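Pasting a structure here, questions to come.
Computed from a prediction, not measured in an experiment: that's the story for all the values here.
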Amino acid sequence: MALKLNTAYFLCYKLPSKSSHGIRSSAALMPSTLYTKTNRRQAHNNVEVTHSMPPEKIEIFESLEGWAQHNLLMHLKPVEKCWQPMDFLPEPESEGFYEQLQELRERCKELPDDYLVVLVGDMITEEALPSYHSLMNSTDGIRDETGASLNAWAIWTRGWTAEENRHGDLLNKYLYLSGRVDMKQIEKTIQYLIGSGMDVKLENNPYNGLIYTSFQERATFISHANTARVAKEHGDLKLAQICGIIAADEKRHETAYTKIVEKLFEIDPDNSILALAGMMKKKIKMPAHLMYDGQDDKIFEHFSAVAQKLGVYTAKDYAEILEFLIGKWGVEKLTGLSSEGRKAQDFVCGLPRKIRRLEDKAQARMRDKKAYTTVPFSWIFGRELRV
């Protein structure tokens, strides 16, 4: 579940501590070992809303469990029919292992540094899966109450997590074997990221959470599909296959999450459009926006800039995803909304056009400026890239 957003489209992260009446504030309780430069920079002005869904709405999700059993779980694949990372990697038990390894390393020699940075950023984001599972499992109405519940919502979250887990495993092993990246620095970045957690303003609200994952899964599909394309352009057909099959997983997960939200728009359009507008006002943030490698306080911003330049994930994609979801959920055709709902509808439907205008202006300013900053990336042994 890797999503790269242009830095114009994410807000500062605000760190949680004690909760009182659904509001969280300050970062005073964060362990100092996890309180990175990024955390300190973003911890001020923290006001967190939690459990924003009215308690009576939980009944909606309880009533939808049967629907989820028949319409959601079908998008999980049986383990025995799933691909596994070893399907795409040199076989250590085979006599030809060293030859296979040498072939992999030869292919990777042609991959440029900017592509490696984007691929590493994708992999690190995928490796922070514990944070994503934890976040989804804190959501009211659909959480796994026991850790092994047979509730359809719980089965889905565990199954989705299990399928996603293979993505980081495969990319991690491939990059390790390539010899092109500094794995210790990458491992430190992963540890920092998981330790820092994430807060994308879901408020323990399943409406917010399901809208967020719908957006994320489509963005991840686009991102991995584009890394597949670039790998193919540089002659690494095996890596292109890897990124492509990960993209296919993300597409299937996108289908599942958008189907859930489509159902919510059908049975509770007013609350659904308010949730969509609320998430867009907060801006969809990348789950790995707290990236830190122990050296670069702005490594996420620099990684995002490289991804934008390479065309793997851009502000144009952000606008197109929103347009897709507006059409998928029939947002423009909603009727019977409250006055607040109609205002939210107008805001959401006009947003893609505004995003495109802002991006056009930003690109024009960059062309006029004709200036770039060169920054080192620890992931590629300190080699520098223009951002």
Side-chain angles (χ1 to χ4, degrees), residues 1-4 75-94 97 100-101 103-105 107-108 111 115-137 156-195 197-198 213 216-217 219-221 223-228 231 236-254 256 286-288 291 293 303 312 379-380:
M1 180 170 144
L3 169 58
K4 291 174 287 298
H75 295 290
L76 294 174
K77 294 180 68 174
V79 173
E80 296 302 326
K81 293 186 178 180
C82 282
W83 61 266
Q84 298 299 333
M86 282 310 304
D87 295 334
F88 303 93
L89 297 167
E91 300 173 0
E93 74 281 8
S94 73
F97 172 72
Q100 296 169 30
L101 176 59
E103 289 175 7
L104 185 156
R105 293 169 75 91
R107 291 194 305 268
C108 289
L111 299 175
Y115 179 79
L116 289 172
V117 163
V118 172
L119 195 65
V120 167
D122 276 358
M123 181 267 281
I124 290 170
T125 306
E126 296 281 359
E127 291 281 56
L129 185 62
S131 295
Y132 317 146
H133 179 84
S134 177
L135 190 69
M136 290 302 292
N137 221 28
W156 165 260
T157 298
R158 293 197 304 269
W160 168 76
T161 303
E163 291 190 353
E164 289 279 340
N165 185 62
R166 300 167 302 149
H167 302 170
D169 281 353
L170 177 51
L171 292 175
N172 191 314
K173 290 183 175 74
Y174 197 89
L175 284 163
Y176 165 71
L177 293 174
S178 76
R180 294 290 313 281
V181 296
D182 188 334
M183 286 304 300
K184 184 169 183 177
Q185 281 300 127
I186 291 168
E187 289 162 353
K188 286 169 63 177
T189 309
I190 294 168
Q191 186 173 355
Y192 272 119
L193 181 56
I194 295 175
M198 62 180 289
T213 46
Q216 277 281 15
E217 295 294 347
T220 305
F221 159 67
S223 175
H224 284 298
N226 282 330
T227 55
D236 194 335
L237 300 184
K238 178 61 70 173
L239 182 56
Q241 183 186 18
I242 287 170
C243 295
I245 201 163
I246 292 173
D249 270 4
E250 306 292 4
K251 181 65 175 175
R252 179 161 45 84
H253 296 161
E254 172 212 318
M286 179 181 180
M291 267 188 195
D293 64 346
F303 152 60
V312 168
W379 303 338
I380 51 172

#### Entry: Test item: side-chain donor near acceptor, W160 and E217, under 3.5 Å
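Their side chains do contain a donor-acceptor pair, which is all the 3.5 Å distance test asks for.
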When you compare the side chain of M198 with that of L193, does any pair of heavy atoms fall below 4.5 Å? no
Could you walk me through whether L116 and W379 pass the side chain to side chain contact (heavy atoms under 4.5 Å, CB included) test, one step at a time? CA-CA 9 Å; L116 289 172; W379 303 338; over 6 Å; no
- Taking atom types as modelled, is there a side-chain donor on E126 or H224 under 3.5 Å from an acceptor on the other?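 Distance-only check passes for E126 and H224.
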| field | Main-chain N/O of T227 paired to Y115 side chain as donor or acceptor, under 3.5 Å | value | yes
Practice item. Measure the spacing between CZ of F88 and CD1 of I245 and express it to the nearest 0.5 Å. Key: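 Here the rounded value is 3.5 Å.
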Quiz prompt | Beyond-backbone contact of L170 with W83, side-chain heavy atoms, under 4.5 angstrom | solution =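 Of all side-chain heavy-atom pairs linking W83 with L170, at least one is under 4.5 Å.
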Would E250 and H167 count as having a side-chain donor-acceptor pair, cut-off 3.5 Å?
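Note: E250 and H167 side chains meet the donor-acceptor criterion.
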Indicate the atoms forming the closest heavy-atom contact of E91 with Q100, along with that distance.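 Distance-wise, the nearest heavy atoms are N-OE1, 2.8 Å.
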- prompt: For Q84, which residues count as a side-chain contact (heavy atoms from CB on, under 4.5 Å) partner, sequence neighbours excluded?
  reply: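 If we apply the side-chain contact (heavy atoms from CB on, under 4.5 Å) test to Q84, skipping adjacent residues, the hits are V79, C82, D87, R166.
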* Between atom OH of Y132 and atom CG of L129, what is the distance when rounded to the nearest 0.5 Å? ->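 Here the interatomic distance stands at 7.5 Å.
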- prompt: Is there a donor-acceptor contact under 3.5 Å from the side chain of S223 to the main chain of T220?
  reply: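 Such a contact is absent between S223 side chain and T220 backbone.
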| request: If the plane angle is over 60° it's perpendicular, under 30° parallel, otherwise tilted; pick one for H253 and W156. | output: perpendicular
So the salt bridge (Lys or Arg N to Asp or Glu O under 4.0 Å) pairs with at least one residue in residues 174-188 (sequence neighbours excluded) are D113-R180
NE2 of H75 to CD of E254, rounded to nearest 0.5 Å, is 11.0 Å
